[in-house]
Enquirer: 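The following block contains the structure, expressed as structure tokens.
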Amino acid sequence: MRKPFIAGNWKMNTNNAEAVALVSGLVEQLGEIATVDVAVCVPFVYLRAVADTLSSSNIALGAQDVFYEDNGAFTGEISCRMLKDACCTYVIIGHSERRHIIGETDELINRKLHTAISGGLLPILCVGELLEQRQADETNEIVTGQIKKGLEGIDAEKILAVTVAYEPVWAIGTGLTATARQAQEVHAMIRSLLGEMYGRDTAEQIRIQYGGSAKPANTAELMANPDVDGLLVGGASLKVEDFSAMIRTVA
Ligand code: PGA
């Protein structure tokens, strides 16, 4: 059985005081939730403050990106070691905003994924199609390409460190959500692809999150799908009430 995994992606939001208030609120609301894995992926500069606030809780900490080198002359970048040092367990890799606004390629994402896994972080690999790609019926082809290239060279042992997040780009921050059926179709396709790549037993153990305007009102419907194992939550993760309501629904 796959344990549900709900992660908040704060993106470029909050200040130090808001970050601490947000996680303090979550700790208070959720207590020791044991049936769901919960993580918050916060801006780099607030990791330490959030880590201190989370220290006695089982909410895990994550970052939103990582660089593929350990140290050196890479101005502005943050390494896996630095993230471990800041108490991170998870790291989001290949989020659509990094692919489409910053210009990250599948090759770069693949390098980051290798580094994260060998450095002991648990990556959340994001994939998903643009609106025009869905309209042109290219969703499966796009997502298949992103998964194959993103996971190149990752063997069956290492893949178990990875969570895949299917996030249709047209549903991110737009208020549009994939219907439960649209989500399940792509999630099932991803699981079958992972089965071809790693064997069915392994594919059955890999968690696939849905992301894109997930909120309290659609959590139960999305999570009722057999291949939806969790949620990657943007906007709604910035509100203590909303994010904890989603987690309680899943628990
Ligand atoms: P959203 O973002 O929930 O605000 O749509 C999800 C994400 O980008 O991870």
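Being a predicted model, the structure only gives us computed values, none of them experimental. Counting starts at 1 for both ligands and their atoms, in listed order.
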Enquirer: Can you classify the ring geometry of Y166 versus H187 as parallel (below 30°), tilted (30 to 60°) or perpendicular (above 60°)?
Expert: perpendicular

Enquirer: Using a heavy-atom cut-off of under 4.0 Å, does the side chain or the backbone of H95 touch ligand 1, or both, or neither?
Expert: side chain

Enquirer: What pair of heavy atoms forms the shortest contact from L113 to G150, and how long is it?
Expert: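 Nearest pair, atom of L113 first, then G150: CD2-O, 3.5 Å.
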
Enquirer: Taking only heavy atoms of G212 into account, list the atoms of ligand 1 that are under 4.0 Å away from them.
Expert: 5 (O)

Enquirer: Heavy atoms only: which of A236, G8, S213, A7 is nearest to atom 1 (P) of ligand 1?
Expert: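 Ranked by closest heavy atom to atom 1 (P) of ligand 1, first place is S213.
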
Enquirer: Find all atoms of ligand 1 within a distance of less than 4.0 Å from any non-hydrogen atom belonging to L232, and give their numbers and elements.
Expert: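 The atoms of ligand 1 under 4.0 Å from a heavy atom of L232 are 6 (C), 9 (O).
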
Enquirer: With no hydrogens and no angle check, do the side chains of R98 and Q64 hold a donor and an acceptor under 3.5 Å apart?
Expert: no

Enquirer: Going by heavy-atom distance to atom 5 (O) of ligand 1, choose the closest among A165, G234, G173, C41.
Expert: G173

Enquirer: Ion pair present between D106 and R99, side-chain N to carboxylate O less than 4.0 angstrom?
Expert: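 Judged by the 4.0 Å cut-off on N to carboxylate O distance, D106 and R99 do form a salt bridge.
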
Enquirer: Test your reading of the structure: does G235 have an N or O sitting under 3.5 Å from an N or O of ligand 1?
Expert: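 Yes; the residue has a nitrogen or oxygen that sits under 3.5 Å from a nitrogen or oxygen of the ligand.
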
Enquirer: Within the structure, is a non-hydrogen atom of A171 found at a distance of less than 4.0 Å from ligand 1?
Expert: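 Yes, that is the case, since the closest heavy atom of the residue is under 4.0 Å from the ligand.
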
Enquirer: Determine, for E152 against K148, whether the closest basic-nitrogen to carboxylate-oxygen distance falls under 4.0 angstrom.
Expert: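 Not counted as a salt bridge, because no side-chain N and carboxylate O are separated by less than 4.0 Å.
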
Enquirer: Can you find a pair of side-chain heavy atoms, one from Y210 and one from T177, that are under 4.5 Å apart?
Expert: yes

Enquirer: Could you tell me whether N9 approaches ligand 1 through its side chain, its backbone, both or neither, with non-hydrogen atoms closer than 4.0 Å?
Expert: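 Near ligand 1, N9 shows its side chain, while the N, CA, C and O stay back.
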
Enquirer: Which residue and atom name correspond to the protein heavy atom nearest atom 2 (O) of ligand 1, and how close is it?
Expert: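 Ranking protein heavy atoms by distance from atom 2 (O) of ligand 1, first comes K11 NZ, 3.2 Å.
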
Enquirer: Heavy atoms, side chains only, cut-off 4.5 Å: are K215 and T219 in contact?
Expert: no

Enquirer: Please list the nearest protein heavy atom to atom 7 (C) of ligand 1 with its residue and the distance rounded to 0.1 Å.
Expert: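 Its nearest protein heavy-atom neighbour is E167 OE2, 3.1 Å.
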
